[in-house]
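Since the structure comes first, as structure tokens, the remarks are kept for the end.
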Amino acid sequence: MKLKFTKMHGAGNDFIVVDAIHQDVSLTAEQWRKLADRRFGIGADQILVVERPVTEGVDFRYRIFNNDGGEVEQCGNGARAFARFVSDKGLSKESSIRVETMKGIIAPRLELDGSVTVDMGAPRLDPAEVPFDSAGLDGRIEGEDTNWPLPVDGKTVFVSVVSMGNPHAVQVVDDVDTAPVETMGPAIETHPRFPKKVNAGFMQVVDRKHVKLRVFERGAGETLACGTGACAAVVAGIRRGLLDSPVRVSARGGELSIAWGGPGEPVYLSGPAVTVFEGEVEI
Ligand SMILES: N[C@H](CCC[C@H](N)C(=O)O)C(=O)O
């Protein structure tokens with residue numbers, strides 16, 4: 001069976017994007033994993049699937065598979081690529097669309113400068129919603145935030161826990177370039193207090209309007225940028241009293257901008273969405 005796809009990225013977080021409206025795309029987790037493999041397949045951090053909506057008043061359904069083949073709730077950089085894809089493919093004539101994911105509705109908007117801004121919905125701040133098991137832990141109050149002691153790699157780090165539909169654990173570090181992302185990232189990702197595993201963020205506060213961020217992503221490893229990770233990091237930083245919205249987020253693969261008005265308000269993620277090439281693959 002042949003599968004048409006488009007290779008895209010958002011600040012270096014790269015995707016295989018597939019139109020499942022005009023082609024039959026019923027693949028197993030193993031087939032998604034093989035497609036995303038950087039040696040034996042096309043290679044990508046995630047696969048984004050465009051489907052007809054299920055919910056009234058929504059333009060598309062947006063499904064996301066990590067490169068380990070697992071389906072997940074949300075992908076912020078992917079939402080920008082999704083919006084660019086459906087516009088370029090003529091699937092939508094609107095600059096603003098409403099898109100349903102496993103965990104809620106988001107609204108990407110194509111900007112005149114070629115960037116895309118996404119209403120990512122409001123963050124979920126209750127640990128149980130992340131989900132994070134805080135039982136028996138003494139949280140550390142910092143401004144509006146409660147961050148939690150996590151023993152990893154023989155030391156205790158304090159993480160803020162935030163859900164953007166998908167789970168994030170964010171810690172503040174002095175220097176992202178020397179932070180132990182390769183070793184501590186996987187240890188946090190699979191920590192037993194995160195029953196659905198977690199994306200591990202490492203945030204360096206440059207000033208109140210600018211952070212540097214590295215994310216060891218659940219099911220994908222360290223990526224060059226993580227959109228929901230940037231949202232979660234800025235929400236955590238604002239709640240800790242360290243940041244003022246909007247915040248510039250410098251990832252290894254490029255720059256994102258995050259704005260958040262406070263609890264119950266949506267998080268806005270802005271950044272690039274780039275098409276690299278079109279292709280067709282036998283699966
Ligand atoms: N690895 C994430 C999904 C992709 C998120 C990221 N690529 C983004 O831009 O938000 C998870 O398992 O929740």
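Both counts, for ligands and for their atoms, begin at 1 and track the order of listing. In this chain, numbering begins with 1 at the start of the sequence shown.
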Legend entry - Leu269, Asp68, Val118, Asn199: member with heavy atom nearest to atom 13 (O) of ligand 1: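 The residue whose heavy atom sits nearest atom 13 (O) of ligand 1 is Asn199.
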
Between [X] and [Y], is there a side-chain N and carboxylate O pair less than 4.0 Å apart?
| X | Y | value |
| --- | --- | --- |
| Arg248 | Asp207 | no |
| Glu282 | Lys2 | yes |
| Lys4 | Glu280 | yes |
| Glu278 | Lys89 | yes |

Under 4.0 Å, heavy atoms only, figure out whether ligand 1 is touched by the backbone of [X], its side chain, both or neither.
| X | value |
| --- | --- |
| Thr228 | both |
| Met164 | neither |
| Asn77 | both |
| Ile64 | neither |
| Cys75 | both |

Residue-ligand contact [X]/ligand 1, heavy atom below 4.0 Å:
| X | value |
| --- | --- |
| Cys226 | yes |
| Gln74 | yes |
| Asp45 | no |

Looking only at protein heavy atoms, which one is nearest to [atom], and how far off is it?
| atom | answer |
| --- | --- |
| atom 5 (C) of ligand 1 | Glu217 OE1, 3.5 Å |
| atom 9 (O) of ligand 1 | Gly227 N, 2.8 Å |
| atom 7 (N) of ligand 1 | Asn13 OD1, 2.8 Å |

Legend entry - Heteroatom distance test (Gly76, ligand 1): nitrogen or oxygen, under 3.5 angstrom: yes

Legend entry - Min N/O separation Arg218 to ligand 1 under 3.5 Å: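 Yes: some nitrogen or oxygen of Arg218 is under 3.5 Å from one in ligand 1.
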
Legend entry - Test: Arg140 cationic atom under 6.0 Å from Phe158 six-membered ring centre, within 45° of axis: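 Output yes; distance and angle both within limits.
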
Legend entry - Sole candidate of Asp119, Asp59, Val118 that passes side chain to side chain contact (heavy atoms under 4.5 Å, CB included) when paired with Pro108: Val118

Inset, instruction - Please report the C-alpha distance between Val50 and Val17 in whole Å, then the side-chain angles of each, then the deciding distance to 0.1 Å, and finally whether the side chain to side chain contact (heavy atoms under 4.5 Å, CB included) criterion is met. - result: CA-CA 8 Å; Val50 181; Val17 189; 4.3 Å; yes

Inset, instruction - State, without any angle test, whether Glu71 and Asn66 hold a side-chain donor-acceptor pair at a distance under 3.5 Å. - result: no

Would you mind running through ligand 1 and noting each atom that sits below 4.0 Å from a heavy atom of [X]?
| X | answer |
| --- | --- |
| Val72 | 3 (C), 12 (O) |
| Gln46 | 1 (N), 4 (C), 7 (N) |
| Asn66 | 1 (N), 2 (C), 3 (C), 11 (C), 12 (O) |

Legend entry - Under 3.5 Å donor-acceptor, Thr183 side chain and Pro180 backbone: yes

Legend entry - Arg214 side-chain N/O to Val176 backbone N/O, donor-acceptor pair under 3.5 Å: yes

Inset, instruction - Report the C-alpha separation of Arg239 and Ser160 in whole Å, then their side-chain angles, then the decisive distance to 0.1 Å, and conclude whether the side chain to side chain contact (heavy atoms under 4.5 Å, CB included) test is met. - result: CA-CA 9 Å; Arg239 283 167 52 80; Ser160 301; over 6 Å; no

